[in-house]
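To keep things clear, I will list the structure first and then write my remarks on it.
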4 protein chains.
Amino acid sequence: MNEQQWLKELLQRNGEDVKLSEKQIKILQAAIEMFAEKGYAATSTSEIAKRAGVAEGTIFRHYKTKKDLLLAIVTPTLFKSVAPFLAKEFVKEVFESQYQSYEDFIRALLRNRYQFVKKYLPAIRVFWQEIAFHAEIKEQFQRIFTTHVYQKFKQIVEHFQEKGELTAIPVDSVIRMTITTIAGFLLTRFIVLPDYDWDDEAEMERTVQFLMHGLSKKDGWFA
Amino acid sequence: MNEQQWLKELLQRNGEDVKLSEKQIKILQAAIEMFAEKGYAATSTSEIAKRAGVAEGTIFRHYKTKKDLLLAIVTPTLFKSVAPFLAKEFVKEVFESQYQSYEDFIRALLRNRYQFVKKYLPAIRVFWQEIAFHAEIKEQFQRIFTTHVYQKFKQIVEHFQEKGELTAIPVDSVIRMTITTIAGFLLTRFIVLPDYDWDDEAEMERTVQFLMHGLSKKDGWFA
Amino acid sequence: MNEQQWLKELLQRNGEDVKLSEKQIKILQAAIEMFAEKGYAATSTSEIAKRAGVAEGTIFRHYKTKKDLLLAIVTPTLFKSVAPFLAKEFVKEVFESQYQSYEDFIRALLRNRYQFVKKYLPAIRVFWQEIAFHAEIKEQFQRIFTTHVYQKFKQIVEHFQEKGELTAIPVDSVIRMTITTIAGFLLTRFIVLPDYDWDDEAEMERTVQFLMHGLSKKDGWFA
Amino acid sequence: MNEQQWLKELLQRNGEDVKLSEKQIKILQAAIEMFAEKGYAATSTSEIAKRAGVAEGTIFRHYKTKKDLLLAIVTPTLFKSVAPFLAKEFVKEVFESQYQSYEDFIRALLRNRYQFVKKYLPAIRVFWQEIAFHAEIKEQFQRIFTTHVYQKFKQIVEHFQEKGELTAIPVDSVIRMTITTIAGFLLTRFIVLPDYDWDDEAEMERTVQFLMHGLSKKDGWFA
DNA sequence: CATGAATGAGGTTTCATTCAT
DNA sequence: TATGAATGAAACCTCATTCAT
């Protein structure tokens, strides 16, 4: 039972608990595992039913189509993926209190996303593997990203550029490099080389240092 | 005819020209386009045949199975993807003459891979989208990467660390950050936001600067 | 419904009733008819579906492959073909009570197998037509024949040779001639010339006489 | 080259040599082998071409359809199968000179057909395996059998019944038992148990004895 | 609410045959 | 004459979805 806790957490939004029957959870778990491994298109509903231990028809009682089942996995994952940026008070908190520097912010963000990926890895795999193939998912992601993540990220970066901590290269470049660096670490850590002998604390700190050296205002940037 | 030049180049190895009938090229082109767009599993051979303008049976005369068709696209792409590192004289050239600094090397590598991705984008998409789903492709990639790319990359990084240009953080971390940064740029440039108003020259130079500031030996790294 | 009785009987073993849905019976009936007529390889699953009045997919819900469908017909037929010899008490019964002579035994066997072929003719045709093409069927048959039929037949023949009823030629020859003669009659009667104006009682008795004259101990056998 | 002699002999009729190109012989050989092993319907023309070492198109240059190729094998085999009865002088020879008794006739027939089967086994397998599936072949066989074999066989049997050598049971029964017995031996010898440790001379003589004891006029037949 | 038999459209693959070379 | 690339119909089989129980 406890094993399914992560799934319930992934599916909840705004802290409201979602109601899922035993069978529904089994179905989602099976679907996530198989979609992650073989891909959505290469996984049959009968395989999912078998692994979930339910009848084929039961899947379609809960999810009208196979695609709905995918979206039931992918949509919550998308929201949780960018969750830090969805909180209303997020930017304010960054400015006013919590983070004294971009470095602090980055460090917190990296650690937060590290925990997130560690917890929900299979669902995240599904999300990123399928986003290339489904226009609806891509559009939903772009909408969320543009209206929530990008806007807020921009405010933060400009804030620290004005404070003189970050170089004056275009904000978009800073955002791109930041995201690319964080995502690059997590991808390598959890997908490309999960079996490598990682010293997570050290590598995360190295990643923060790399990013900050790369982005700090200092002599030499195009000098 | 000229349109297909890139395909012929992609398929050739060791400079030897590959022999492809008119129809074979049409099939490969159609397959690459559709696999890139919808994914291998979601693309039917009948669709490929239709787009290629051949009978469905013709596909199977040239490629015994649908999987063989995928591999005919993916294997050359894998080799071309890491081509710079496959050349015998590669490391020697880096040391002895061509590149005075890691920065020069990175700049050359980035430009080279930029041209590569620009030229072969659809095939590269197929490669990276499908590597997650096909164990054989993943294994082939790991074999090539470990024995060719990683070994040589390591020599190069150690060389410039000894020369005092790069920080003394673990070689693996340097390699990871380098690849991550380059790949992150190319991915954003060509896949995530291809329609953004890019100033390629400027962004590439910024990326090089970011990387070098991030990796250069200097006060502050863990100080 | 009653028409299908023979099929249910053919499929049952050890007297246990087999559970077959309406559609399954229709599929088996259609398959037997078509395999008998055109052969397994020349019969398509779509034809079977059409004749059975079911969707093609329904066949594959019940039988994973076309070959499985063949085996579902052929295996029970094989067992029923040699059924008399599979009964545990068979030899004992022959010796102790039922049959006073080889002639009685042969007569009973011939009549029994005559009824069997008459009842299950189409399935038997399938069995004998396909045994030449499928190694698994041939091997299964040889295993059953060697361990059950041959062993018991040998005991019986030796018994009546010792009693002086049968000539002293090699047991294997006696068995071969017996089987050959019985099978030859049934084959001619039901397959080669089913439309000939047969007097079954007379011809069976003639066949028994022919066999017994041919095999009885008497002056003249190699004398 | 000498290997193909049997094929040329099989194909010739009335002693006239048939003209066959090298490739045609290879095709026929390959077809006979594969039809014998897997059956006509389960053998593809491309397999035949491969085994024959010719291009697929070459088969269709010599035989308009796959069925024609089958008939090119089966028709000569049919004629050779009943060849002894096709000779014009056959009956006369039996009566006037060669065979003093039915036993002599049977012995000669059995030895003759034994040699025939030994020589042309693969083609004979094809003939008997396919006769069940192809109405044209069955009809051709029935025509030949009725008009040539049966007529002459009847004359012979009646001749020896009149001479008092054979019992007075119906001629058809005598013919059936004779053919059944001979065919039963050959089938067991060459198809069912070819690997058994046969003493051919002894078993053939036993078969003749069995047949003659079974058919001779004597006390006991229905007495 | 759950089941699983049934469907039929569509998937990959094979095949006999044709035809330009 | 011989080839083998090309065809497209049809083969076997899978699949998402429905629905009576």
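Heavy-atom basis, side chains included; hydrogens, waters and symmetry copies ignored. Residue numbers begin at 1 in each chain, while the letters A, B, ... track the order of the sequences.
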Can you name the atoms? Protein N/O to nucleotides 4-6 of chain E N/O, anything below 3.5 Å, with the distance.
unit_1 : atom_1 : unit_2  : atom_2 : d
E/dG4  : N7     : A/Gly57 : N      : 3.2
E/dA5  : OP2    : C/Arg61 : NH1    : 3.4
E/dA6  : OP2    : C/His62 : NE2    : 2.7
E/dA6  : N7     : C/Arg61 : NE     : 2.9
E/dA6  : N6     : C/Arg61 : NH2    : 3.4

Inset, instruction - Taking the side chain as every heavy atom from C-beta outward, state whether C/Lys138 and C/Phe141 have any atom pair closer than 4.5 Å. - result: no

Inset, instruction - Answer yes or no: is there a side-chain heavy-atom contact under 4.5 Å between A/Tyr40 and A/Met34? - result: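 No; the side chains remain at least 4.5 Å from each other.
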
[X] [atom1] to [N] [atom2]: how many Å, rounded?
X       : N      : atom1 : atom2 : result
B/Asp68 : E/dT13 : CG    : P     : 9 Å
B/Phe60 : F/dA9  : CZ    : C1'   : 15 Å
B/Lys26 : F/dT7  : NZ    : P     : 10 Å
C/Lys66 : E/dT12 : NZ    : C1'   : 17 Å
C/Leu70 : F/dC12 : CG    : P     : 12 Å
D/Lys67 : E/dT17 : NZ    : P     : 10 Å
C/Ile27 : E/dT7  : CD1   : C1'   : 12 Å
B/Ile59 : E/dT14 : CD1   : C1'   : 14 Å

Inset, instruction - Grab the two heavy atoms, one from C/Trp6 and one from C/Tyr120, that are nearest each other, plus how far apart they are. - result: O-CE2, 3.3 Å

Legend entry - Closest non-hydrogen atom pair, B/Glu47 against B/Ala42: OE1-O, 3.9 Å

Find the distance between [atom1] ([X]) and [atom2] ([Y]) and round it off to the nearest 0.5 Å.
X       : Y        : atom1 : atom2 : value
C/Lys64 : C/Leu69  : NZ    : CG    : 13.5 Å
D/Thr77 : D/Leu11  : OG1   : CG    : 8.0 Å
A/Glu37 : A/Gln129 : CD    : CD    : 10.5 Å

Inset, instruction - Tell me, with the steps shown, if B/Ile48 and B/Phe35 meet side-chain contact (heavy atoms from CB on, under 4.5 Å). - result: CA-CA 9 Å; B/Ile48 296 170; B/Phe35 289 168; 3.8 Å; yes

Inset, instruction - State plainly whether the residues A/Lys67 and A/Glu136 are in salt-bridge range, i.e. N to O under 4.0 Å. - result: yes

Inset, instruction - Report the residue from A/Arg125, A/Lys38, A/Arg51, A/Lys26 that forms a salt bridge (charged side-chain N to carboxylate O under 4.0 Å, His left out) with A/Glu33. - result: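 Single salt bridge (charged side-chain N to carboxylate O under 4.0 Å, His left out) partner of A/Glu33 among A/Arg125, A/Lys38, A/Arg51, A/Lys26: A/Arg51.
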
Legend entry - Side-chain H-bond candidate by donor/acceptor type, A/Ser46 with A/Glu56, under 3.5 Å: no

Inset, instruction - Identify all stems in which DNA chain E takes part, counting only runs of at least 3 consecutive pairs (Watson-Crick or G-U wobble, each distance under 3.5 Å), and give each as one range with another, ordered by first number. - result: E:2-21 with F:2-21

Legend entry - Sub-4.0 Å heavy-atom contacts from residues 39-51 of chain B onto DNA chain F, ordered by number: none

